[in-house]
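Down below is the structure, laid out as C-alpha cells.
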Amino acid sequence: MCGQIFSYKQTANGFVVYSQNKKAEVVEFEKFFEIRTKNIDYFKNFFDLETDYKKIKNVLSREKALQDPIKFGSGIRILKQDLLEVIISFVVSANNNIKRITKILFALRENFGENMGDFFAFPTLKKLENITEKQFFALGAGYRSSQLVKLINQLKAVDFESWKEQKTETIKNKLVALSGIGPKVADCILLFGFGKTDVFPVDTWIEKVYNQYFGTCKNRIIIRKELTKKFENLSGYAQQYLFYFQRSFNSK
DNA sequence: TTCCAGGTGCATA
DNA sequence: TATGCACATGGA
C-alpha cells in the first residue's frame, strides 16, 4: 500500500483494506493478486480495475524522472475511495506522520463506527456530527480536533452529488473554503474522492522530488502549477509513482 | 533534545 | 498578495 489510504492491515501474505463499512482481503501470489470480498462491485471500482495502467505508464515513462518510480511501483493504482472518509482522513493527515494518522483513524472507527463483527465501519456523517472536540482530542487528533468539529458541521450543508460533474478547479475552490482543507488536502480529496487525475498534491515528499529532478522551488503552489502543466490529465498518476518511490527510499 | 511528519489558519505588512 | 509563525503528538 502506498499512503493513499490509512485503514488497512498487513497480513502474512497481503493485506486487508477497510473502506467505509466494507472490507477486502488482498492475497499476493507470485504473478497476481487475489481480492476476496463480499462487495465485488464496490472493490472493482475501488481498486480501479477497469483502467488501463499499461497505457498510462507508457506515456509517463517518456519522462526520465519517472522511469525508476514506475518500475518500482508498477502495481500502483489510484484508489477510488469513499468521499466522506477521504475528507476526514486527509484533514487528519496534515502535518502528521502515517503511523499516527493510521492510529487516529482506527480509533475513530472503533469508538464511533458501527460494529461489523470483525471490524468497525467508518462513522457515518450522522455519527460524526455527535463527536465533540474533547472526544477528538481523546482519539489523539491533537490541534486538528477543532477543525474537524467545524468541518463536520459544514459538511451537513454540502451536496457532493451536485459537485461531481463540476470542473476540478471549481470543486477545489469549494473544498478549500471548508475548515482544515488547504490546497494539498483538497488535491488529495479530488484525486482519491472525486477521481480527478488532473491534480498534483504537493506535500513535503513531492517538494523534495521536485527540487531533485525538476527545478528549484520552495513554493508549493508554483510546484503544483508546473507539474500539472507538465503531466495534465495524468498528474495524479505521476504524483503517486513519485510519492511512493521517494517515501520508500527516504523513510522507514 | 531537537527535528519532522502526505499543512492549515491566522496575523501582519 | 506574500510571508511567518503556532499548532498536538509521537517516533527517530
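Throughout, a chain's letter reflects where its sequence line sits, starting with A, and its residues are numbered from 1.
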* Decide ring-ring contact (aromatic ring centres under 6.0 Å, His included) for Y244(A) and F72(A); before the verdict, give the C-alpha distance in whole Å, the side-chain angles of both, and the deciding distance to 0.1 Å. => CA-CA 9 Å; Y244(A) 184 54; F72(A) 179 73; 5.3 Å; yes
Rounded to whole angstrom units, what separation is found between the [atom1] atom of [X] and the [atom2] atom of [N]?
X       : N      : atom1 : atom2 : result
I223(A) : dG6(B) : CD1   : P     : 17 Å
L190(A) : dG6(B) : CG    : C1'   : 15 Å
R224(A) : dG6(B) : CZ    : C1'   : 15 Å
Q246(A) : dC4(B) : CD    : P     : 15 Å
I87(A)  : dT8(B) : CD1   : C1'   : 16 Å
I104(A) : dA5(B) : CD1   : C1'   : 11 Å
R220(A) : dG7(B) : CZ    : C1'   : 7 Å
D187(A) : dT8(B) : CG    : P     : 9 Å

Taking the same atom, [atom1], in [N] and in [M], what whole-Å distance lies between them?
N      : M       : atom1 : answer
dC3(B) : dC5(C)  : P     : 14 Å
dA8(C) : dA11(B) : P     : 15 Å
dG6(B) : dA6(C)  : P     : 23 Å

* To do: Would you sort out whether Q135(A) and T132(A) count as a side chain to side chain donor-acceptor pair (under 3.5 Å), showing the intermediate values?
  => CA-CA 5 Å; Q135(A) 286 173 310; T132(A) 64; 3.3 Å; yes
NA contact type, [X], heavy-atom cut-off 4.0 Å: base, sugar-phosphate, or nothing?
X       : answer
V202(A) : nothing
I181(A) : sugar-phosphate
L178(A) : sugar-phosphate
S179(A) : sugar-phosphate
K208(A) : sugar-phosphate

* To do: For dG6(B), take OP1 and OP2 only and decide whether either is under 4.0 Å from a side-chain N or O of T204(A).
  =>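 It does not, given that no N or O in the side chain of T204(A) lies less than 4.0 Å from OP1 or OP2 of dG6(B).
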* Asked: Strictly by modelled atom types, are S61(A) and N58(A) linked by a side-chain donor-acceptor pair under 3.5 Å?
  ->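 There is no such pair (donor and acceptor under 3.5 Å, judged by atom type) between the side chains of S61(A) and N58(A).
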* Do F6(A) and F90(A) have ring centroids that are under 6.0 Å from one another? ->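 Between F90(A) and F6(A), the centre distance is under 6.0 Å.
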* Looking only at atom types and distance, does a side-chain atom of K172(A) sit under 3.5 Å from a main-chain N or O of A186(A), one as donor and one as acceptor? ->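 The answer is no, because no donor-acceptor pair under 3.5 Å joins these two groups.
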* Whether R100(A) side chain and G140(A) backbone form a donor-acceptor pair below 3.5 Å ->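 Checking the backbone N and O of G140(A) against the side chain of R100(A), a donor-acceptor pair under 3.5 Å is found.
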* Centroid under 5.5 Å and tilt under 30°, F90(A) to dG6(B) ->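 Check failed, F90(A) does not stack on base of dG6(B).
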* Please tell me which of P201(A) and Q147(A) maps to the more 5' nucleotide of DNA chain B, matching each residue to the nucleotide holding its nearest heavy atom. =>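 Nearest nucleotide further toward 5': that of P201(A).
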* To do: Could you say whether D203(A) or K150(A) is positioned toward the 5' end of DNA chain B, judged by the nucleotide with the nearest heavy atom to each?
  =>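 Nearest-nucleotide comparison on DNA chain B picks D203(A).
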* Where P201(A) and C188(A) come nearest, the two heavy atoms and their spacing ->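 In terms of heavy atoms, the two residues are closest at CB-SG, 3.8 Å.
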* List the protein contact pattern of nucleotides 4-11 of chain C with one symbol per nucleotide (5' to 3'): B for base contact, S for sugar-phosphate-only contact, - for none; contact means a heavy-atom distance under 4.0 Å. => ---BBBB-
* Axial cation check for F122(A) ring with K127(A), 6.0 Å and 45° limits ->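 So K127(A) doesn't make the cation-pi contact.
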